[in-house]
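Worksheet for the structure shown next.
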Amino acid sequence: MGSISLSHVKKSFGEVQIIPDISLDIKEGEFVVFVGPSGCGKSTLLRLIAGLEDTTSGTILLDGVDMTKAPPARRGLAMVFQSYALYPHMTVRDNIAFPLKMAKAPKEVIDQKVEYAARTLNLSSYLDRRPRALSGGQRQRVAIGRAIVREPKAFLFDEPLSNLDAALRVNMRLEITELHQQLKTTMIYVTHDQVEAMTMADRIVVLNAGRVEQFGSPLDLYKKPANRFVAGFIGSPRMNFVDGPEAARYNASSIGVRPEHFTLATSPAAGTWKGKVGVAEQLGSDTFLHVHVDGLGLMTIRTDGDQTFSHGDDVYLTPDPARIYRFDAAGLAL
Amino acid sequence: MARAASIQTRIGFTALAWGIALLLFAPILWTILTAFKTEAEAIASSPTFLPQQFTLENFGAVQDRSDYFKHAFNSIVVSLGSTLLGLAIGIPAAWAMAFAPTKRTKDVLMWMLSTKMMPAVGVLIPIYLIFRDLRLLDTLHGLTLIMTLINLPIIIWMLYTYFKEIPVDILEAARMDGAELYNEIVHVLVPMAVPGIASTLLLNVILAWNEAFWTITLTSGKAGTLTAFISSFSSPQGLFLAKLSAASLLAIAPILLMGWFSQKQLVRGLTFGAVK
Ligand SMILES: Nc1ncnc2c1ncn2[C@@H]1O[C@H](COP(=O)(O)OP(=O)(O)OP(=O)(O)O)[C@@H](O)[C@H]1O
Ligand SMILES: [Mg+2]
């Protein structure tokens, strides 16, 4: 249970076409992440699946059943909102119980499921509080609790962690991943944080201007980006791109090298590209060097944290020849 | 300190506020005082401030001549009935306008408001004829209906503004949780909008209670409300000034008390702590 299949889904708001044409097959039990820059249509796509927006054309199948025109209440999906969207006038208990009440579950079943969800999510001692009296992380848990009690076909998350602080985000990320491993229910997770995408996803959908740029496993996207956009979007710090005559030497319109795929030398003998260190970001474990390369512009290089560099140092860079990505004039990978 | 320097100003403003309030209250105070005077004293050429001969006989006379309790009952039925009916229509209407707007929603809202700018006499003849032909003249349900229609634009406008404040996410969450439209409105929207709905209710009860034009023209004996009751005591000769005052006092007392007690309720707000 929980396969989701979109075919030729299109969405326009008035005259503006937000999603030109998307087809996607999400397998049962998969954890799929939608990533892409702000405004690319991630939330819109998720809301189309949820039924909160109507498709302009195309079909949406849930478990093989055409649900394109079904209202959200009938689709059997659960959603966790960025704003949590808890019911402010209800206690935590009633918030979590709400979907079960809507499904007309008997009272004992409701109580039992709410207790169970609260225990799983460490909310047992807050059941009689109102959402107002909870911290952001607790509210997020209530929102998740409300989603899991109804045993949906799939969970939809729209940037659920973006209102939390960094430490809590890491925790919740793990909790959601663990939840997925426990429940084995299909999850679609929208984020623009590519670390979340890489660490949580079975497969990632990279969206750009309402189009799917690539759909594949995190390592696929990292190792075999289909085009320049994906290459630039996946990986942190982002890939360095070079075009012009230097790219032509590799028979490409442009080439890309990830910051981690360079060897770095301080003597001219071993270097292909020469540059001067601009800023050195020393994180302890790694050092990120922002190097002004002669004739090629600014590049980011990752090196281990043991060497120290300072502004103005001369460095010589050699890209790992096996890991140079080549792109044609249209940006497609060669 | 800036605060200290403004103390005079503040005293000045306080005095001014009291002055204006007293000025506004003066006619009501005068009515109250006159209600307890004899008719002779009430029209005396050198008016007295406090009743010289304190009397309650005006109230008795008013009740004898024209049944106060029947009119009060009618007022309650019409004002509450029209407000509840108005809310029953207005809540779904305001939901649609606030959460499922179309290109024309703003126009519809403006159009509804524009009907309130039209003088009521403009439609007196058609409405009177319709009421006559439908046998609604001098009936409580007829009066309730017209009062609902008159106040519906205000009800919808008020609810619309309150609903606009409610984050749509929460309603969408309810939809995702399996709530059909009815449950979404009854279990989520309405409880969250309680303060707004309460103030809409109170204001409309007051408006309907005080409405005089339609109640006087569309009723005679049976369905008359308190405004019709008051008007039956006004006479050009001024012989009934004390009784008119007593009638007015009786008519406004319930609504004044209601306004007084519901002040806090009107002001109290629910904060939406669930949305960041
Ligand atoms: N109801 C709407 N009416 C008109 N345009 C809309 C509506 N909702 C979204 N859009 C537009 O659709 C585009 C995609 O929006 P969407 O919210 O899906 O982006 P997103 O990828 O989720 O971005 P973010 O990462 O900032 O959340 C945006 O340009 C937005 O302005
Ligand atoms: Mg979004």
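Quick note on labels: first sequence line is chain A, next is B, and so on, each numbered from 1.
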_Within the 4.5 Å heavy-atom criterion, are B:His187 and A:Met102 side-chain neighbours or not?_
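Yes. Closest side-chain heavy atoms under 4.5 Å.
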*Would you mind reporting whether B:Met176 and A:Leu52 have side-chain heavy atoms less than 4.5 Å apart?*
yes
*asked:* What verdict does the side-chain contact (heavy atoms from CB on, under 4.5 Å) test give for A:Tyr87 and B:Met192, after you've listed the backbone C-alpha separation in whole Å, the side-chain angles of each residue and the deciding distance to 0.1 Å?
replied: CA-CA 8 Å; A:Tyr87 310 121; B:Met192 282 172 66; 5.6 Å; no
Step through the shown structure and confirm whether more than 12 heavy atoms of other residues, nucleotides or ligands are within 6.0 Å of [atom1] on [X].
| X | atom1 | result |
| --- | --- | --- |
| A:Phe13 | CZ | yes |
| A:Lys69 | NZ | no |
| B:Phe73 | CZ | no |
| B:Lys106 | NZ | no |

Minimum-distance pair of heavy atoms, taken over all atoms of [X] and [Y]:
| X | Y | answer |
| --- | --- | --- |
| B:Ile170 | A:Leu86 | CD1-O, 3.4 Å |
| B:Glu180 | A:Ala73 | OE2-CB, 4.1 Å |
| B:Asp169 | A:Ala85 | O-CB, 3.6 Å |
| B:Asp177 | A:Arg146 | OD2-CD, 3.2 Å |

_Heavy-atom contact with chain B under 4.5 Å, split by part of A:Ala78_ =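 Contact with chain B is through the backbone of A:Ala78 alone.
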_Contact origin within A:Arg74 toward chain B - heavy atom pairs under 4.5 Å_ = side chain
*Ignoring hydrogens and angles, tell me if any N or O in the side chain of A:His89 forms a donor-acceptor pair with the backbone of B:Leu189 under 3.5 Å.*
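Flag not set: sc A:His89 to bb B:Leu189 has no pair under 3.5 Å.
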*Would A:Arg47 and B:Glu172 count as a side-chain contact (heavy atoms from CB on, under 4.5 Å) if you check the C-alpha gap in whole Å, the side-chain angles of each, and the deciding distance to 0.1 Å?*
CA-CA 10 Å; A:Arg47 292 167 57 82; B:Glu172 290 180 341; 2.7 Å; yes
*Dump the intermediate steps for side-chain contact (heavy atoms from CB on, under 4.5 Å) on B:Val188 and A:Phe98, then the final yes or no.*
CA-CA 10 Å; B:Val188 180; A:Phe98 188 77; 3.8 Å; yes
